[in-house]
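Just the heavy atoms: all of them, side chains too, but no hydrogens, waters or symmetry mates, feed the values below. Just so it is clear, the model here is predicted, and its values are computed rather than measured.
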Amino acid sequence: MISTSAAFAVTDGNSGNSGHEISKVVSGLAMGSGIFIMLLLLLWLYRLSVKLRVEAKDRKSDQKRWRQQQLSALNRKDLSHVLTHKAALRKRTGNNAGIVMAIIFMSLLTAPVKAETEPVPELLVKSPGMIITVTLILLPLMIAVWYTGIKISRLIRRIQFRRIENETADLLTTADADPEFYQQLLERKASLDFKLSDEELGSTVFPADQKGLLHNIAEVDSPRFLAAKRKASVPHDLDKALVKVVLWYLVSATAWLVLGTSVGEYLGIKFVAPDADHVSWLSFGRLRPVHTNMVFWGWSSLAMLGLGYYVVPRVSNTVVFSIRLAYWSLILVNSAVLGGSLTLMAGINNGGGEYREYIWPVMALFGGGIFVTLYNYYRTIGKRTTTEIYISNWYIVAAMMFVIVIVLVGYIPQWQNGLGETIVQGYYMHQAVGMWFMLFNLGLIYYFLPQQLNTPIYSYSLGILAFWAQILFYTLIGTHHFLFSSIPWWLQTVAIVGSVGMLIPVFAGTTNFLMTMKGNFHKISRSYTLPFYLVGIIFYFTGSMQGTAEAFRETNLVWHFTDFTTAHSHITMYGIIAFMLWAFIYTLVPRLTGKEPGQHWVGAHFWLALVGLLFYTVPLMIGGTLKGMAWQSGKPFIDSVVLMAPYWLWRAIGGSLMWLSHLVFCWNMYTMTLRRSEDEIRKEVMDALGDHHIISNPV
């Protein structure tokens with residue numbers, strides 16, 4: 001942090017002016033963000049109003065076409081309700097004037113208030129204290145905008161509900177007043193109730209959809225800019241309690257992802273604006289471990305545990321041993337991440353071990369949550385109804401066992417002195433990545449990838465080979481981060497040999513996954529989940545190969561302690577782990593809730609994350625290589641810091657794109673879990689017909 005500030009002081013020639021320029025940038029960004037959010041909100045409301053007006057106009061201009069569209073959209077249950085209740089219903093009308101006034105009132109809540117004020121001294125405006133004060137003022141304003149958006153969203157849902165309610169009432173009125181349309185309803189009902197009569201090949205049948213195969217027919221009057229993707233599989237018939245606990249894990253993980261990467265986004269900005277703040281709780285040294293631990297133990301770990309609660313009983317053909325224990329684990333892990341983040345920001349930490357910054361009481365909570373889940377998984381597998389234990393459970397249970405060993409080795413103080421502490425740090429850091437995150441995700445992909453492709457795994461034997469080879473070689477490679485140190489030379493050599501040995505499980509796993517996809521690559525263009533799988537598999541190969549390349553002594557001299565290592569860690573933890581987790585979540589959640597995210601939003605998530613990752617890692621690999629070469633040539637350290645300035649700018653840009661992709665993913669999770677679709681509202685209206693009334697309050 002000090003050297004970065006010095007670098008920019010050297011570049012600008014005046015650190016005071018640099019601080020003033022930074023304050024202008026921060027103020028401009030804050031103002032621009034607020035204006036951008038308000039423009040998006042206004043654009044959304046405008047598009048919604050245009051859509052409603054167009055629908056109303058089309059409905060009035062061509063009643064016959066509207067009736068046919070409504071007819072094709074009704075399913076068997078809806079038709080039964082309509083035919084049972086032919087009597088005309090009173091058409092409800094909403095208080096449009098009140099709705100407009102409510103929208104205007106809520107808009108005024110967030111409108112800026114202008115008043116005559118005395119001119120503020122320039123130095124006061126540009127001081128760090130004033131910047132912090134403005135930031136604290138902006139926070140409640142952003143909360144107010146968010147709250148206003150929720151209110152407007154609920155108001156729009158009410159309008160949408162009333163529109164569908166009115167359409168349904170009109171449909172019933174039409175069925176009662178128009179005998180011809182009522183006859184069409186009867187014919188449509190007969191089509192949907194069609195059963196084979198063994199005479200379908202007769203040539204005297206008039207062409208008609210008598211089998212009810214066509215549903216919700218709509219004309220496309222404009223060219224398609226986005227390719228249509230295949231819908232997700234129908235919702236699985238699962239225990240509601242299991243669905244609820246899995247969703248709690250995934251929603252908690254999503255919250256930690258957004259919060260943790262928001263911290264990372266701020267840290268990336270600090271690389272190009274190191275004087276953005278002077279608050280101890282927001283210093284780089286405190287926030288960096290908050291970011292890494294939050295995405296490690298909060299996002300990735302909770303997402304894996306939640307997905308495991310679906311996969312473990314699924315491949316065991318049984319039910320989860322205890323839902324209560326699953327909730328206890330969820331509470332313990334969330335408490336660990338929350339408590340650890342607060343203690344780190346307060347300056348209470350474990351003393352410098354990377355990914356080991358949480359103090360031992362915090363990690364005791366995390367370890368307790370993992371132990372509870374391991375016991376739950378073990379008892380679930382123990383009462384399986386299958387003969388063999390599927391390979392997914394091999395990987396998952398092994399990962400759970402290893403992470404408990406990793407935490408114990410990393411925190412028991414007996415060997416935390418001198419070189420022993422360094423060796424333990426190398427073991428802890430690398431085993432957390434390879435024997436916890438990687439091993440668990442490989443277990444998940446051995447279930448989800450064949451299931452999503454509807455294709456068996458290419459080779460079960462390759463999976464077993466990769467499993468034992470990873471356990472053999474990965475446990476040896478921790479000390480390759482401490483080459484040329486005081487650690488015994490033979491131990492460093494063992495780490496290098498283990499790194500080369502990791503080529504065996506990597507080649508075996510990559511071959512297994514790609515050969516499973518062989519013959520299915522044409523499905524990628526029609527799927528919004530398979531691109532995530534493919535990117536995760538590609539980075540699994542390239543990121544692991546990169547790790548092996550970094551382990552050699554010659555390359556270690558150039559790349560180690562440079563930004564190249566930062567790029568490598570993001571390729572593995574983001575390119576492999578995050579992309580695979582997103583693939584699994586987009587595969588599973590629609591089957592649990594019956595709700596799909598908008599396909600364009602999934603595409604936006606994918607491309608923002610992928611392009612952002614490339615913008616982040618490629619410049620850092622280039623800049624890290626140049627930095628290492630500058631060190632080898634004997635140039636002053638400050639020169640290498642100045643050298644990295646443009647690469648850190650690309651890092652901030654790439655990180656911003658990645659962070660935006662997480663906001664899109666959070667919206668997609670909301671769509672798949674809590675947001676009510678128009679189909680759900682229509683179903684509720686139709687179901688209300690069965691109770692001889694129509695409800696009027698959807699909230």
Side-chain angles (χ1 to χ4, degrees), residues 1-19 21-22 25 264 266-278 280 282-292 347 349 351-357 419 421-422 425-426 429-430 479-487 492 546-547 549-571 615-655:
M1 187 67 185
I2 296 175
S3 60
T4 307
S5 303
F8 280 91
V10 171
T11 304
D12 296 340
N14 191 325
S15 59
N17 292 335
S18 175
E21 293 297 326
I22 291 167
V25 172
Y266 185 62
L267 293 175
I269 293 174
K270 279 200 167 190
F271 271 92
V272 295
D275 295 326
D277 70 76
H278 299 279
S280 60
L282 302 180
S283 63
F284 188 93
R286 295 189 184 183
L287 286 185
R288 199 267 179 177
V290 170
H291 162 66
T292 55
N349 56 69
E354 192 173 20
Y355 313 141
R356 200 162 47 128
E357 293 91 353
L419 289 179
E421 195 278 335
T422 304
Q425 173 59 31
M429 175 178 57
H430 237 75
T479 51
H480 76 206
H481 280 276
F482 302 103
L483 301 183
F484 305 104
S485 68
S486 300
I487 294 175
Q492 301 177 34
Q546 185 186 62
E550 287 184 80
F552 294 102
R553 289 189 173 93
E554 291 77 8
T555 53
N556 194 278
L557 281 172
V558 178
W559 287 332
H560 204 226
F561 298 119
T562 71
D563 293 77
F564 194 99
T565 306
T566 305
H568 170 65
S569 65
H570 281 77
I571 286 177
F615 281 5
Y616 188 103
T617 56
V618 174
L620 287 187
M621 288 189 288
I622 297 173
T625 303
L626 295 176
K627 178 191 281 188
M629 295 172 64
W631 291 351
Q632 283 190 314
S633 63
K635 292 184 178 180
F637 176 79
I638 194 64
D639 289 354
S640 67
V641 178
V642 176
L643 168 71
M644 288 300 299
Y647 302 102
W648 284 335
L649 178 60
W650 277 105
R651 168 188 175 138
I653 294 172

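- With rounding to the nearest 0.5 angstrom, the CG atom of Asp563 is 11.0 Å from the CG atom of Leu626.
- Contact check for His560 versus Leu483: no side-chain heavy atoms found under the 4.5 Å cut-off.
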Next item on the list: Take Glu550 and Phe564 through the side-chain contact (heavy atoms from CB on, under 4.5 Å) test and state the conclusion after the steps.
Entry: CA-CA 9 Å; Glu550 287 184 80; Phe564 194 99; 3.6 Å; yes

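- When side chains are defined from C-beta on, Phe484 counts as touching Leu557, because their heavy atoms get closer than 4.5 Å.
- Looking at Glu357, its side chain does come within 3.5 Å of a backbone N or O of Tyr355 through a donor-acceptor pair.
- Across Tyr647 and Leu620, no two heavy atoms sit closer than the pair O-CD2, 4.2 Å.
- The shortest heavy-atom contact between Ser640 and Lys627 is CB-CG, 3.7 Å.
- Between Ala652 and Gly268 the shortest heavy-atom distance is CB-O, 3.8 Å.
- A salt bridge links Arg288 with Glu354: the closest approach of a Lys/Arg side-chain nitrogen to an acidic carboxylate oxygen falls below 4.0 angstrom.
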Review point. Stepwise, does the side-chain contact (heavy atoms from CB on, under 4.5 Å) test hold for Met621 with Ile571?
Key: CA-CA 11 Å; Met621 288 189 288; Ile571 286 177; 4.3 Å; yes

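- Atom CG of residue Asp639 and atom CH2 of residue Trp631 lie 12.5 Å apart, to the nearest 0.5 angstrom.
- Below 30°, between 30° and 60°, or above 60°: for His570 and His291 the angle between ring planes is below 30°, a parallel geometry.
- Test His481, His480, Arg553 against Gln492 for side-chain contact (heavy atoms from CB on, under 4.5 Å) and you get one pass: Arg553.
- Taking CD from Gln546 and OG from Ser569, the interatomic distance works out to 9.5 Å, rounded to the nearest 0.5 Å.
- Counting heavy atoms from C-beta outward, Tyr616 and Thr566 have side chains that approach closer than 4.5 Å.
- Taking Thr625 as the reference, Trp559 meet the side chain to side chain donor-acceptor pair (under 3.5 Å) condition, with sequence neighbours excluded.
- We find the CG-OG1 distance between Leu267 and Thr292 to be 9.5 Å, quoted to the nearest 0.5 Å.
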Criterion side-chain contact (heavy atoms from CB on, under 4.5 Å) on Asp277 and Lys270, from CA distance to verdict = CA-CA 9 Å; Asp277 70 76; Lys270 279 200 167 190; 2.9 Å; yes

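- Rounding to the nearest 0.5 Å gives a distance of 10.0 Å between CD1 of Ile622 and CE of Met644.
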